[in-house]
Every structure is written in C-alpha cells, then in structure tokens.
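Notes to accompany the following structure.
Bear in mind that the values here come from a model prediction, so they are computed numbers and not experimental data. Numbered from 1 within each chain, the chains take letters A, B, ... in sequence-line order.
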Amino acid sequence: MSDAPAAAPRYAGELTTHDIGKTVLLRGWVHRRRDLGALLFIDLRDRTGLAQIVFDQAQSPGLHQKATELRSEYVVAVQGHVVGRSPATANPNLPTGAVEVVATSLDILNDARTPPFPLNIETGAESVISEETRLKYRYLDLRRPVMQQNLRLRHNVTIAIRRAFDAQGFLEVETPFMTRSTPEGARDYLVPSRVQPGSFYALPQSPQLFKQLLMIGGCDRYFQIVRCFRDEDLRADRHPEFTQIDVEMSFPDQEQLFQIIERMLSDACRAAGFEITLPFPRLSWEEAMLRYGTDKPDLRLPPLTDVATLVPEDAARQLQLQPDAPLLAVRIPGVGALSRRERDELRPLAEGRPVRLFEDFARIEKSYPALARAIREKLTAQDGDLIVLLAPAPAAHSSTDRFALHTQASTLRLALAQRFAERHHLLDRKDFRFLWVTSFPMFEWNAEASRWSSAHHPFTSPLPEDVAFLSTDPGRARAQAYDVVLNGIELGSGSIRIHRRELQAEIFRLLGMDDDEARARFGFFLDALEYGTPPHGGIALGLDRLVMLLAGADSIREVVAFPKTARAIDLMVSAPTPVDPTQLTPLGIALL
RNA sequence: GGGGACGUAGUUCAGUUGGUUAGAACGCCGGCCUGUCACGUCGGAGGUCGCGGGUUCGAGCCCCGUCGUCCCCGCCA
C-alpha cells in the first residue's frame with residue numbers, strides 16, 4: 001500500500017452506485033473468499049456490512065498472487081476503484097451488490113487462525129452454533145453481523161433514553177457500586193474490605209436508597225443507566241449483572257410519571273425503528289389477575305373470560321360445575337380445533353392440579369349448542385379460534401388463593417399460544433403491546449417466616465384509602481406500586497415512596513423488624529427522612545430486557561456484549577476463579 | 001434446592017437390538033478453473049464418542065457417578 005496514493009477510508013457496507021469512479025480504502029476482515037483461479041473475489045466485512053473486492057490476475061498478477069494468501073478473518077486494508085457491476089454480475093441479495101471494488105493495493109494487516117466456528121453463515125446464524133462455543137469466543141461471535149446489529153441497537157436505544165430524560169429535565173447521577181449490604185430481597189454480591197478486615201461492601205441490587213436520598217438531596221429529577229447485581233439463579237431474561245434505567249422524581253404525580261416513561265419508551269422504540277401508540281392501557285393488579293390470571297399479561301392474546309353465568313342450571317349439573325365457581329374460557333385466535341393428539345398433550349397441564357379442563361369445545365357444541373353459541377358470542381370468537389374451558393375440579397375446596405384458577409388458565413393460555421405461535425403467526429415479535437399494571441398489594445404472606453413481606457419493597461407507599469388496613473388487615477392494603485409490562489415480560493417496576501418517617505417505621509414494624517433492627521439496618525435512611533423529605537416516587541426498567549424485545553431476541557444474552565452462563569460463569573475469561581491465599585490474607589479471609 | 005433436554009471431527013449433526021475399520025454436510029489443506037457471490041470441481045487430512053467407574057466375550061449405545069451447556073419451577077424486596 002505504501003506505493004499507492006492515499007485514498008479516503010470508507011465503510012464497506014456503505015458503498016453505493018454514487019461511489020462509482022471513486023478510489024476508496026476499505027479496512028476490515030476477509031468474510032469469504034471465492035477463488036476462481038485467475039480471478040479471485042473477497043467479501044470484505046467491517047461493522048457496516050460487506051463489499052466485494054476483485055483481484056484479476058490478467059490486470060495485476062502481483063496483487064492477485066498476494067491475494068491468494070488471504071484466508072477467513074485475515075485483517076486487510078484494500079485500496080481500489082469502485083466500479084458498477086453489469087446486470088448479469090450484480091448481486092441483488094447484497095446491499096452493496098450493485099458495485100464492487102477492483103483492488104489496486106492490498107495490505108495484509110494480520111493473519112488469523114481458522115475460526116472455531118463459521119462467522120460467515122448467512123441464515124439462522126444465531127441458532128446454529130452452540131451458545132457455549134459462541135461465549136467462549138465471544139470476541140469472534142461479536143463480529144457476526146447479527147451481533148453487530150444488536151450492539152448498535154442497544155447503543156441507539158440507550159442514546160434515545162438519555163436524550164428523552166435530558167429533555168424532561170432529568171439529571172443523570174452516578175451512585176456507588178461499593179455500598180452496604182441490605183439482606184432483604186435478593187442475595188448480595190459481597191466485596192471484602194482490605195482496610196476494614198472482616199467487613200464487606202455489597203454491590204447494589206438497585207440504587208433504591210441512593211435515589212431516594214438524591215430526592216432528599218434536592219435533585220428533584222434523577223435518572224441513571226446503571227449496572228445492578230443480584231446473586232440469584234439465572235433465566236433467559238435474567239442475568240446476575242444487568243442494566244437498569246433507574247428513575248426518581250420529587251413531587252410526583254403517578255400519571256405524570258407514567259407519561260414521562262411512556263414518552264421515553266416511545267423514543268426508545270423509535271430508535272429501534274418501531275412506532276408505538278400512547279398512552280399505554282392501565283390495568284389494576286386485580287383487573288389483571290381477573291382478566292389475564294397474571295400480573296404481567298401479554299396483550300397480544302385475548303383475555304380470559306368467565307362464562308360461568310352463561311351456563312344453564314341443568315347443564316351446570318351435568319357438567320358437574322360448582323355453583324358460584326368461575327368457568328374460564330381461553331381463546332386462542334386462528335388455531336382451529338385441536339387434533340386428538342394435541343388435546344392429549346394438553347391434559348398433563350391439568351394433571352395433579354385442582355382443575356377440570358374442557359379441551360374439546362366441539363363436544364360442548366354438540367351437547368349444548370345454545371351454551372356454545374353464547375360463549376362464542378361473549379368471547380367474540382371467530383371461526384377457527386380455539387376455545388378451551390377451565391373450571392375448578394369438583395372435589396376442590398375453594399383455595400385460599402382467589403386467583404388460583406385464573407393462574408392456571410393464564411399458564412394454559414400462554415402454553416397454547418406458544419405451542420402454535422409459529423404455525424399461526426401468533427405472538428408477533430414486532431407487535432409491541434405495553435401496559436401499566438397498578439395498585440399491587442402492599443404485602444405477601446411469607447408462610448416460611450410466618451410474617452408479611454413487601455410485594456414490591458419496604459419503601460413503597462400504600463394507597464391513601466388503604467392506610468387503615470395496615471393495622472387491621474395488611475393483606476388487603478394496596479400499594480402505590482406499578483409495573484410496566486411489554487408482551488408478557490415485566491419491563492419495569494416502581495412506586496410512589498414513603499416520605500414520612502412515621503409511616504416508614506410502621507411498615508418496618510409490620511415486616512417484623514423491631515425499631516432496633518430497623519435502626520441498625522436503615523438508620524441512616526430513617527434519619528434522612530426526618531430532614532424535610534419531599535414526596536417522591538420512581539421506577540426502574542430493565543434495559544437488557546427492553547433491547548432484547550426490540551431486537552426480537554429470545555435471551556438477554558443476545559444483547560449483552562459479554563454475558564455469563566446459567567451458572568454465572570464467564571466462559572471466555574473463566575470467571576470466577578479461586579484466588580491465591582496471599583490475596584485473602586490481607587482481607588482477613590480464610591477458606592473453609 | 002427441584003424437574004427436563006443435551007454433550008460424537010474445527011462446526012452442525014447422524015449413528016439401527018450392545019457387534020468387525022464411528023459416518024455426513026460445512027469448514028480446513030492441496031490441485032484445476034476469468035464473473036463468482038453458500039462459486040464449481042478433483043483429492044486429502046482431521047475423533048480421548050465430555051470425564052471416571054461398572055455390567056458384558058464385546059459399550060458411542062446399558063447402569064452409576066461426575067463435569068459442562070440450555071430451558072423451566074423455587075428464588076429474583
């Protein structure tokens with residue numbers, strides 16, 4: 001290249017017919033080589049895409065000879081002329097397929113071992129190679145176009161979120177990673193202190209108390225895109241270190257906060273190329289449980305419908321339905337009646353559960369045509385919709401859980417939809433259906449510890465009209481807590497907080513913490529509440545989950561650059577590792 | 001903590017009822033080829049069947065243990 005005149009560096013994927021006649025410099029990796037003997041084609045790949053380079057022995061034998069050394073993933077700098085391709089040689093499948101670069105110089109910047117897995121397979125690439133191999137060589141996996149796109153998408157979404165908050169007057173403030181263990185909720189990751197042997201920092205599960213302290217500190221609108229850490233078992237949508245969009249504001253109005261978040265999410269979706277409609281539907285927790293059997297409903301599917309009142313008395317007797325018990329109809333659009341075999345597959349879902357399944361709606365239509373018609377009407381069912389009914393088993397006692405049947409129906413609703421999603425184009429990944437779920441219960445009964453525990457967290461304010469229940473019937477108290485849900489996935493969770501010291505102390509007592517314990521754990525916070533704490537509230541949203549859904553990915557790991565396995569291991573760097581005892585001694589730590 | 005699926009060539013997989021020398025495709029290496037674009041074509045190399053033990057005349061296949069990956073339940077204020 002030294003003897004070639006300097007040309008303007010360009011990205012391969014951005015070449016168009018407008019560049020014809022220009023001399024360009026491309027730098028990137030050898031994606032694929034097609035050696036036709038005296039004619040050799042290279043697909044050069046950079047982070048934008050591919051461009052075809054031509055080496056012609058007849059025109060420049062030396063250069064062609066050098067190009068025969070090229071192998072997959074060699075790093076090259078190529079100068080050449082952009083030329084148009086004839087219709088016969090253009091490649092309509094490639095964005096840059098109308099042009100190619102006739103090389104005038106070739107610099108081999110580095111060679112490469114043959115990659116342990118192909119980086120240049122065009123279709124279904126993400127599913128073809130085992131994740132184990134991909135993670136071990138993540139730096140190679142990241143070169144693949146689909147991963148480049150995911151990183152780019154995450155960047156675009158993150159920038160849009162920052163802009164949206166900035167435009168609303170929110171201040172991004174960093175909070176400590178090395179903080180105090182609060183053995184409430186998830187397990188903490190601990191960091192030993194060398195200066196204070198025997199003492200430990202904890203990595204934050206969330207900056208919850210810090211953001212509340214920022215409100216007390218007068219920053220009335222705060223946000224942070226921040227890493228959080230939870231030492232709990234992993235799932236496809238859960239990672240031990242994950243990124244939250246953390247938000248808090250003073251003098252909050254729940255509706256105003258919803259609008260701010262909706263606008264931010266709308267901007268984030270637009271950055272990913274999707275327009276969503278505002279405002280999101282709002283559903284109380286109770287409504288969500290009754291209509292969907294879950295606190296994170298997937299609105300891409302129709303709700304559950306209680307059709308018990310449609311059943312005439314004699315039919316109810318023949319079908320052995322319990323009086324006053326719900327009869328829940330699950331409708332899955334467009335799936336059609338199930339085959340015998342598919343119905344057989346459903347039955348295990350009911351086995352061992354106090355549930356009766358009517359999986360063959362055709363039989364109901366035969367025996368009770370009027371009832372079937374009424375049900376279809378109430379469900380606004382179309383021909384070809386699958387309808388399955390659930391009732392409590394005849395012997396079942398009314399459960400303590402008033403939504404037990406709804407929960408079962410919800411599980412069935414999702415299982416059916418997922419089973420037939422592909423065949424019938426259900427659960428469209430590009431259909432983004434957000435909603436707010438509000439008024440969660442304050443407490444859940446923790447049978448193991450035989451005490452109440454917070455459904456959200458202990459800093460959550462009760463609904464004003466339910467404060468009286470705190471002393472009389474905590475199970476009935478509802479919270480000013482809300483979730484934002486997207487396509488059946490909990491995207492974010494927040495609440496209006498407690499800003500009065502007395503109420504906060506009462507909640508701690510209700511959670512079984514006496515005043516001494518509360519002071520020992522949260523004394524700094526209780527103190528702070530006494531110095532003029534403004535009313536405040538906020539929310540935290542999972543950035544990884546949002547980007548995962550916008551990317552159409554099935555796992556959070558597809559949008560995390562360097563993720564860990566289900567056992568929280570980094571296969572690439574092999575972490576965690578044992579450490580040398582000489583590292584432990586100064587920390588005052590000995591292994592058992 | 002519990003349940004399920006999986007582990008065979010560099011990669012993705014097949015491998016029958018336990019039977020002789022463990023196969024395919026892609027990739028890799030070499031030859032030929034001037035319009036390919038998943039180039040074609042001819043030839044070649046490549047295996048600790050995750051690991052350990054057991055049953056058996058004989059184990060990739062059966063049994064036990066173990067390690068690893070994925071999914072789900074519990075858990076995740």
Expressed in whole Å, how much space separates the [atom1] atoms belonging to [N] and [M]?
{"N": "B/C29", "M": "B/A45", "atom1": "C1'", "result": "7 Å"}
{"N": "B/G50", "M": "B/C6", "atom1": "C1'", "result": "12 Å"}
{"N": "B/C37", "M": "B/A22", "atom1": "P", "result": "37 Å"}
{"N": "B/G3", "M": "B/G18", "atom1": "C1'", "result": "30 Å"}
{"N": "B/G47", "M": "B/U41", "atom1": "P", "result": "26 Å"}

Determine, step by step, whether A/L491 and A/L546 satisfy the side-chain contact (heavy atoms from CB on, under 4.5 Å) criterion, reporting the C-alpha distance in whole Å, the side-chain angles of both residues, the deciding distance to 0.1 Å, and the verdict. CA-CA 7 Å; A/L491 203 60; A/L546 175 62; 4.0 Å; yes
Nearest to side-chain heavy atoms of A/I129, which nucleotide of B/U11, B/C37, B/U34: B/U11
Checking contacts here: which listed nucleotide (B/C33, B/U34, B/U69) is nearest the side-chain heavy atoms of A/A58? B/U34
Over all strands shown, is [X] touching base, sugar-phosphate only, or nothing at heavy-atom distances under 4.0 angstrom?
{"X": "A/N93", "result": "nothing"}
{"X": "A/S453", "result": "nothing"}
{"X": "A/E100", "result": "base"}
{"X": "A/A481", "result": "nothing"}
{"X": "A/Q57", "result": "nothing"}
{"X": "A/P116", "result": "sugar-phosphate"}

We want to know whether [X] and [Y] form a side-chain donor-acceptor pair, criterion being a heavy-atom distance below 3.5 angstrom.
{"X": "A/E14", "Y": "A/T48", "result": "no"}
{"X": "A/Y222", "Y": "A/D246", "result": "yes"}
{"X": "A/H457", "Y": "A/R497", "result": "yes"}

Kindly determine whether A/V30 and A/V76 satisfy side-chain contact (heavy atoms from CB on, under 4.5 Å), including the steps that lead there. CA-CA 7 Å; A/V30 174; A/V76 294; 4.1 Å; yes
Name the residue closer to the 5' end of RNA chain B, choosing between A/R567 and A/N91 according to the nucleotide with the nearest heavy atom. A/N91
Comparing A/R71 with A/L209, nearest RNA chain B nucleotide closer to 5' gives the residue A/R71
Quiz item: [X] side-chain donor-acceptor pair to [N] base, under 3.5 Å:
{"X": "A/Q52", "N": "B/U36", "answer": "yes"}
{"X": "A/E132", "N": "B/G50", "answer": "no"}
{"X": "A/R85", "N": "B/U36", "answer": "yes"}

So, is [X] near the phosphate of [N], with a side-chain N or O under 4.0 Å from OP1 or OP2?
{"X": "A/R557", "N": "B/C71", "value": "yes"}
{"X": "A/S555", "N": "B/C70", "value": "no"}
{"X": "A/R34", "N": "B/C39", "value": "yes"}
{"X": "A/T565", "N": "B/U69", "value": "yes"}

Which base, if any, makes a Watson-Crick or G-U wobble pair with [N], both distances under 3.5 Å?
{"N": "B/G68", "value": "B/C6"}
{"N": "B/G44", "value": "B/C28"}
{"N": "B/A14", "value": "none"}

Looking at RNA chain B, which of residues 222-240 of chain A put a heavy atom within less than 4.0 Å of it? A/R230, A/E232, A/D233, A/R235, A/A236, A/R238
Side-chain donor/acceptor of A/D188 to backbone N/O of A/L190, under 3.5 Å: no
Indicate yes or no for a side-chain donor-acceptor contact from A/Q205 to the backbone of A/A186 under 3.5 Å, with no hydrogens or angles considered. yes
Might you work through the side chain to side chain donor-acceptor pair (under 3.5 Å) test for A/R413 and A/H406, ending with a clear yes or no? CA-CA 10 Å; A/R413 171 179 177 266; A/H406 297 77; over 6 Å; no
Can you tell whether the side chains of A/R238 and A/E232 come within less than 4.0 Å, N to carboxylate O? no
For A/F117 and B/U11, say yes or no: do the ring centres fall under 5.5 Å of each other while the ring planes differ by less than 30°? no
